[in-house]
Amino acid sequence: MPKRVHLHDKAFKVFIEEKEILIKIESIAKQINEDYSHTEPLFLIVLKGAFMFGSELVSRYQGHCHLGFVNIKSYQGMKSTGNVQVSGLDPDIVKGREVIILEDIVDSGRTLYKFLPILNEMQPANVQIATLLYKPDAMKFHVPVNYSCFDIPNDFVIGFGLDYDGLGRNYRDIYQLAADS
Ligand code: IMP
Ligand code: MG
């Protein structure tokens with residue numbers, strides 16, 4: 001994998017390597033396995049950003065589980081917008097289930113803060129949040145982050161599902177904005 005990538009007008013440098021990411025995902029999967037051994041949870045992958053994290057995590061889960069997808073859109077360029085759009089979620093798969101939302105990153109918290117009431121209307125048994133990345137210093141809308149692979153500083157990152165204006169989701173390392181960018 002390249003040490004530096006250029007997307008649109010910006011340069012990014014390697015921040016977290018794939019090997020380290022997969023070790024963390026393995027350990028979170030193990031923890032969720034223990035915590036949910038009493039049930040058949042529903043993993044809810046938030047598209048598009050969590051497609052890779054979701055795939056790596058769910059494929060390491062050993063028990064029976066259900067899988068759902070939801071499209072939530074809130075970001076434009078490098079800024080989170082107040083306008084959160086939710087689509088594509090089938091209420092029937094949520095009802096009565098123990099849900100684990102799989103997110104790529106929790107930044108301001110706004111996306112999940114707006115999504116949780118919508119999800120709760122579908123009457124899940126309970127809801128927890130697992131995220132690949134968490135920026136604790138950026139949180140403005142409080143949501144409970146139950147599982148986080150990496151707590152990171154307040155810098156813009158791409159790769160492993162995360163994009164900058166549509167590009168960069170395919171890289172298997174995580175990159176952060178280069179200082180000279
Ligand atoms: P929040 O609503 O501010 O918590 O932002 C959550 C969403 O914004 C995530 O699901 C991402 O899609 C996107 N996002 C937040 N921070 C970053 C970043 O550093 N790089 C790429 N996307 C981000
Ligand atoms: Mg996202």
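Each ligand, and each atom within it, is numbered from 1 in the order the structure gives. Remember, it's a predicted structure, so these values are computed and weren't measured experimentally.
The parts of Thr111 lying near ligand 1 are both backbone and side chain, judged by heavy-atom distances below 4.0 Å. Under 4.0 Å from ligand 1, the heavy atoms of Asp163 that appear belong solely to its backbone.
Taking each of Gly49, Gly168, Ser108, Ala50 in turn, the one with a heavy atom nearest to atom 3 (O) of ligand 1 proves to be Ser108.
Residues Tyr134 and Asp107 bring no donor and acceptor atom of their side chains to less than 3.5 Å of each other.
Short contacts between ligand 1 and Glu103, defined as distances under 4.0 Å to a heavy atom of the residue, involve ligand atoms 10 (O). Within ligand 1, the atoms closer than 4.0 Å to a non-hydrogen atom of Asp104 are 9 (C), 10 (O), 11 (C), 12 (O), numbered from 1 in the order shown. Which parts of ligand 1 touch Gly109 is read off a 4.0 Å heavy-atom cut-off, strictly below it: atoms 1 (P), 3 (O), 4 (O). If you number the atoms of ligand 1 from 1 as listed, the ones under 4.0 Å from a heavy atom of Leu162 come out as 20 (N), 21 (C), 22 (N). The contact set between ligand 1 and Val157, taken as ligand atoms under 4.0 Å from a residue heavy atom, comprises 18 (C), 19 (O), 20 (N), 21 (C).
Every residue meeting the side chain to side chain contact (heavy atoms under 4.5 Å, CB included) condition with His8, not counting sequence neighbours, appears here in chain and number order: Tyr164, Asp165, Leu167. Residues forming a side chain to side chain contact (heavy atoms under 4.5 Å, CB included) with Phe51 (at least two apart in sequence, or on another chain): Leu47, Arg169.
Val46 pairs in a side-chain contact (heavy atoms from CB on, under 4.5 Å) with only one of the listed residues (Asn71, Ile72, Leu102), which is Ile72. The one candidate from Gln128, His64, Glu98 that meets the side chain to side chain donor-acceptor pair (under 3.5 Å) condition with Tyr36 is Gln128.
Ligand 1 has Lys135 within reach: a non-hydrogen atom of the residue lies less than 4.0 Å from it.
Between Arg60 and Glu56 there is a salt bridge, with a side-chain nitrogen of the basic residue lying less than 4.0 Å from a carboxylate oxygen of the acidic one.
Cation-pi check for Lys114 over Phe141 is not met; the charged atom does not lie both under 6.0 angstrom from the ring centroid and within 45 degrees of its normal.
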